[in-house]
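Chain identifiers are assigned alphabetically (A, B, ...) following the order of the sequence lines, protein sequences preceding nucleic acid strands; residue numbering begins at 1 within each chain.
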Number of protein chains: 2
Amino acid sequence: MATRPRKTATAKTRAPAEEPRKGQRRLDAVNSLRRKILTGELPPGERLREIALSEQLGMSRTPIREAFQTLAAEGLVDLLPNRSVIVSVPDKSEAADVFTVLGALEGLAGQLACRRMTADQIEILGELQDDLALYFEKRDRLSYLEANRLIHEHIIDCAGSTSLTLVWRLLLPRAERARHVTTLDHERWAEAYEEHREIYAAIAARDEVLIKQLLEAHFINGIESMKKKEAENRAKKRSEIYAEVTR
Amino acid sequence: MATRPRKTATAKTRAPAEEPRKGQRRLDAVNSLRRKILTGELPPGERLREIALSEQLGMSRTPIREAFQTLAAEGLVDLLPNRSVIVSVPDKSEAADVFTVLGALEGLAGQLACRRMTADQIEILGELQDDLALYFEKRDRLSYLEANRLIHEHIIDCAGSTSLTLVWRLLLPRAERARHVTTLDHERWAEAYEEHREIYAAIAARDEVLIKQLLEAHFINGIESMKKKEAENRAKKRSEIYAEVTR
DNA sequence: TTTTTCAATCTTGCATACTAAATTTATGTG
DNA sequence: CACATAAATTTAGTATGCAAGATTGAAAAA
């Protein structure tokens, strides 16, 4: 909600949760459970028993139950009355689904950002874009993805819309879970990087029509790439089964 | 004090129908608090003291604290560590803000619905549209608004996107709070009704380009009308002050 | 054997108890 | 009187206790 008045670049987006708070076990529970769900350590359909979790996380059931409410709002777990909370089962098309919505949201964000972002914010975006370039050159995939996330977060930030930020943040965990399935191949990586260069250029020029097109296309292209990859995997699996049978 | 009361002894004496609701006090708390916030009974900035609320709602602090997590996800309250939960203060531009985001979401929803909705779903939309027409003719504003909400909900439904449904539902309470400020004048009402006729025609024809334009415009027009109204109110207030001074 | 019943057990939902942090009030100091 | 400081009070955060609903599994019936 607070639009940052100073150029606190990337640090601010990561800093607040870093130190080990003694209080706020509820937040520990939220973060811990969310991570476990996103990494698949807690697989879809898993029953989350409060007592077991409380022993595992070293706290009582109370903060865990409160964490469940947050995770339920994010759509990561389902709450059934008098029954154990379960990790929600992502639809098989969830990845495409969540990226489609994110595309629409970021398209709007880009549009708003073009109208509202300050010179400082454009400068920060430039720095983030430089980071992205660096990591792409070095083929540092993990750092690249982190820089990528920061850029998208920054654009949302620059849009200066409370509601947009609210729903974007809510959707992010689902996107992370969806992304977990996807493996970026180099072809798509290069393509996406090129798209990011165009996105930066458009936003720096405050071309709100172009930025919307570019951002929406950025996500659609990602989805298409995922689908292609998926089709390839299915084909590969089929041929493996065939090889097995005819061996 | 008996620690082990018999189960069956007094059970018959209570009529099952008159019991308000035994389980799920948490949901009662969520609904009750949300309604109070939306109606302004709990004004923005109000401190929500757990003990006071628990007495007021006839339950302990536990379900209320759990409800806070849900309301926080909806952006209706802010959680500050070791400090009272407060009703979030809507930005003065929150109404425009939330409708802007809803416009983008429903634009996408319309697009997806054009591709995916079944003949049955189109038929239902037609019935809802008929209701809307009826209430418009009768100038029944409250029923009209309800029918209006059902139509938008149905379109979201027809899009068949889990993520879209998730974020749309999350945003609804904020939209309701924003709408609380707005008073639909007759000019805008007629205009909006006409837009709904076009929206229905476009979706029935599965024209996904048109439907997106119409839905986005529908929200933008609503925002413009709100802004105009607001400007008028400000002008009126100014002239009242002037009248006061010169009296 | 398979199916049904029912009681023992487990798990959730809520209330209450306790601890620690924040706020308020009282007190001291210049 | 203004201001700082400490004690008292209030309030949030967490743990624990208990009853009601769900689950399980063994015995009884088919």
- Would one find a side-chain N or O of R26(A) under 4.0 angstrom from OP1 or OP2 of dA12(D)? no
- Message: Under 4.0 Å, heavy atom to any atom of DNA chain D: which of residues 77-88 of chain A qualify?
- Response: N82(A), R83(A)
- Task: Could you tell me whether the side chain of R35(A) reaches within less than 4.5 Å of the side chain of L38(A), counting heavy atoms only?
- Result: no
- Message: A side-chain contact here means heavy atoms from C-beta on lying under 4.5 Å apart; do L57(B) and D28(B) qualify?
- Response: no
- Contacts of Y135(A) meeting ring-ring contact (aromatic ring centres under 6.0 Å, His included) (sequence neighbours excluded), chain-then-number -> none
- State, yes or no, whether a side-chain contact exists between L42(B) and L33(B) at a heavy-atom distance under 4.5 Å. yes
- Task: In whole angstrom, give the distance that lies between atom CZ of R25(A) and atom C1' of dT16(D).
- Result: 14 Å
Would you list the protein and nucleotides 5-8 of chain D atom pairs, both N or O, that sit under 3.5 Å from each other?
none

- In residues 46-68 of chain A, which ones come under 4.0 Å of DNA chain D, going by heavy atoms? M59(A), S60(A), R61(A), T62(A), P63(A)
- Item | P173(B) and E176(B), any side-chain heavy atoms less than 4.5 Å apart | no
- Query: Is any side-chain heavy atom of P90(A) less than 4.5 Å from a side-chain heavy atom of P44(A)?
  - Reply: yes
- Message: Once side-chain hydrogen bond (donor to acceptor under 3.5 Å, both in side chains) is applied, what residue pairs with a partner in residues 99-111 of chain B remain, sequence neighbours excluded?
- Response: E106(B)-H152(B), E106(B)-W168(B)
- Separation between CG (D131(A)) and CG (N148(A)), nearest 0.5 Å, reads 12.0 Å
- Note on the structure: When rounded to whole Å, the CG to C1' distance for the pair L27(A) and dT14(D) reads 13 Å
- Between R149(B) and E146(B), is the closest basic N to carboxylate O distance under 4.0 Å? yes
N/O donor to acceptor pairs below 3.5 angstrom from side-chain atoms of residues 154-164 of chain B, sequence neighbours left out:
from    : atom 1 : to      : atom 2 : distance (Å)
H154(B) : NE2    : Q121(B) : O      : 2.9
S161(B) : OG     : D97(A)  : OD1    : 2.4
S161(B) : OG     : D97(A)  : OD2    : 3.2
S161(B) : OG     : L164(B) : N      : 3.2
S163(B) : OG     : D97(A)  : OD2    : 2.9
S163(B) : OG     : R174(A) : NH1    : 3.4

